[in-house]
Amino acid sequence: MHRTVFLSVLGLLAAVVLGFWWTETAGAPPGPAQRIAARFTSPPVDGKLNILCFGAHPDDCELRAGGVAMLWAAQGHHVKFVSVTNGDIGHWRDAGGPLARRRKAEVEQAAKILGITTEVLDNHDGELMPTVENRRTITRLIREWHADIVMSHRPNDYHPDHRYTGVLVQDSAFMVTVPHFCPDVPALKANPVFFFYPDAFQKPNPFVPDIAIAIDSVIEKKLDALDTLESQFYEGGALGSADLIPSDPAKQRERRRQVRANHAARFQAAAQRFRNKLADWYGRDKAEAVQYAEAFEICEYGRRPEQKELARLFPFFAK
């Protein structure tokens, strides 16, 4: 009798625990294996290039490679932007889950304008570390995209999340070809070419461009895409304030015009800074006419392309 009662109680407890587990996990985020399966978005095998750009926050890729991304996409190449953190402290007023969701929606809207794919990883803003698990995540993403080109920040950028994004991508540059590292995703047969975004820092070594791209033909659409990132630019991001958001509609329009003009000036300055490198690729006469540009430096840790292969990877230099 006691044994029967004991088994009945045990069965009841098991049912309660199982029901609680199901209730709690049914709407919970998927585990690592499920996330990998859900995220697996390998582009089609169609002879086109596969380009993967990593940025520390939801706005970095758009700023640094939005123009060249559109140029690639216009030719049918496959471009994906990945924000390595979710940007959840990148605002003076908002934070946490609501801000992360807002910033994800912003880059998704920008991606529609750019004609690319985008993804935001769920790492806290300001807390990114170069861990082995994060290295595995970056390695898997590069493999899943079958990347020919990978871009990221340099490891000596000003923000810790920028630096560690650069470190993680560099640390993956060899591992993407090692079969028994992350064996759940097949290793790449050929190492991609890795590139850095430009910055102004000189120590321990300055940015040295290997290629510069004119983005005059897409500058307005790039500015349109940046306009969607309101939390960062119109409202000023982490270092902004309520003073940046006027209540008067006319002043709001002027604020938006000024933000857009500041972005345009940034890409004009890049064209001036990299004028000599533009001339290497377009010829001096065409280079002098370029108003807006983006530039990139080859990372030594990936494949080191000759100029002929660079021209194939950046097919924008028709004479």
Side-chain angles (χ1 to χ4, degrees), residues 30 32-55 60-62 64-84 107-108 111-112 114-121 132-153 165-197 210-211 213 294 296-306 308-316:
Q34 292 169 298
R35 284 198 298 271
I36 293 166
R39 192 184 62 223
F40 198 98
T41 54
S42 180
V45 179
D46 57 6
K48 297 294 186 178
L49 296 169
N50 299 327
I51 300 100
L52 189 59
C53 300
F54 289 96
D60 286 320
C61 294
E62 292 75 13
R64 291 161 174 79
V68 73
M70 275 187 286
L71 294 175
W72 273 315
Q75 295 189 10
H77 303 295
H78 311 293
V79 184
K80 182 175 183 177
F81 285 178
V82 176
S83 303
V84 182
V107 293
E108 287 173 346
K112 292 178 182 178
L114 299 173
I116 65 164
T117 300
T118 194
E119 180 175 354
V120 179
L121 304 184
V132 172
E133 186 53 44
N134 283 334
R135 186 190 307 165
R136 290 190 185 105
T137 298
I138 299 299
T139 298
R140 289 183 178 114
L141 283 163
I142 294 170
R143 289 177 177 177
E144 289 165 5
W145 201 247
H146 299 296
D148 300 294
I149 294 171
V150 178
M151 293 184 166
S152 77
H153 306 279
T165 295
V167 168
L168 286 165
V169 173
Q170 278 195 165
D171 287 352
S172 299
F174 176 70
M175 304 310 293
V176 294
T177 62
V178 177
H180 294 295
F181 185 75
C182 302
D184 52 310
V185 182
L188 298 182
K189 301 300 183 184
N191 207 319
V193 182
F194 289 76
F195 291 90
F196 292 131
Y197 307 130
D210 289 292
I211 193 160
I213 309 297
E294 294 172 351
F296 308 97
E297 178 181 3
I298 298 170
C299 171
E300 294 177 307
Y301 294 175
R303 193 166 79 256
R304 301 302 304 277
E306 300 293 335
K308 184 177 180 180
E309 185 181 2
L310 273 178
R312 180 185 69 82
L313 296 173
F314 294 83
F316 316 126

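All residue numbers refer to positions in the sequence shown, counting from 1. Only a predicted model underlies this, so the values are computations on that prediction, with no experimental measurement involved.
- Closest heavy-atom contact between L52 and I142: CD2-CA, 3.6 Å.
- Listed for the W145 side chain is no donor-acceptor partner under 3.5 Å among the backbone atoms of P43.
- Between P44 and H78, some side-chain heavy-atom pair lies under the 4.5 Å cut-off.
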(request) Walk me through it: do L71 and H77 pass the test side chain to side chain contact (heavy atoms under 4.5 Å, CB included)? (result) CA-CA 9 Å; L71 294 175; H77 303 295; over 6 Å; no
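- Nearest heavy atoms, G66 versus E294: N-OE2, 3.5 Å.
- Atom CZ of R304 sits about 9.5 Å away from atom CG of L310, to the nearest 0.5 Å.
- In this structure, the side chains of L121 and L141 come closer than 4.5 Å at one or more pairs of heavy atoms.
- Considering every non-hydrogen atom in both C53 and C61, the closest pair reads O-SG, 3.3 Å.
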Residues 187-197 side chain polar contacts: donor-acceptor under 3.5 Å, at least two apart:
{"residue": "N191", "atom": "ND2", "partner": "A173", "partner atom": "O", "Å": "2.7"}
{"residue": "Y197", "atom": "OH", "partner": "F54", "partner atom": "O", "Å": "3.0"}

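- Considering CD1 of I211 and CD1 of I298, their distance stands at 8.0 Å, rounded to 0.5 Å.
- Going from atom CG of N50 over to atom CH2 of W72 covers 11.5 Å, rounded to the nearest 0.5 Å.
- For the atom pair I116 CD1 and E62 CD, the distance stands at 6.5 Å (nearest 0.5 Å).
- If you take CZ on R135 and CZ on R140, they are separated by 12.5 Å, rounding to the nearest 0.5 Å.
- In this structure a side-chain-to-backbone donor-acceptor pair under 3.5 Å is present from R143 to V176.
- Across all their heavy atoms, S42 and H146 have their closest contact at OG-CD2, 2.8 Å.
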(request) Evaluate side chain to side chain contact (heavy atoms under 4.5 Å, CB included) for E309 paired with R303, printing each intermediate quantity in order. (result) CA-CA 11 Å; E309 185 181 2; R303 193 166 79 256; 2.4 Å; yes
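- The two residues G115 and A73 have their closest heavy-atom pair at O-CB, 3.5 Å.
- Counting heavy atoms from C-beta on, the side chains of F81 and V107 never come closer than 4.5 Å.
- Rounding to the nearest 0.5 Å places CD1 of I149 at 4.5 Å from CG of L313.
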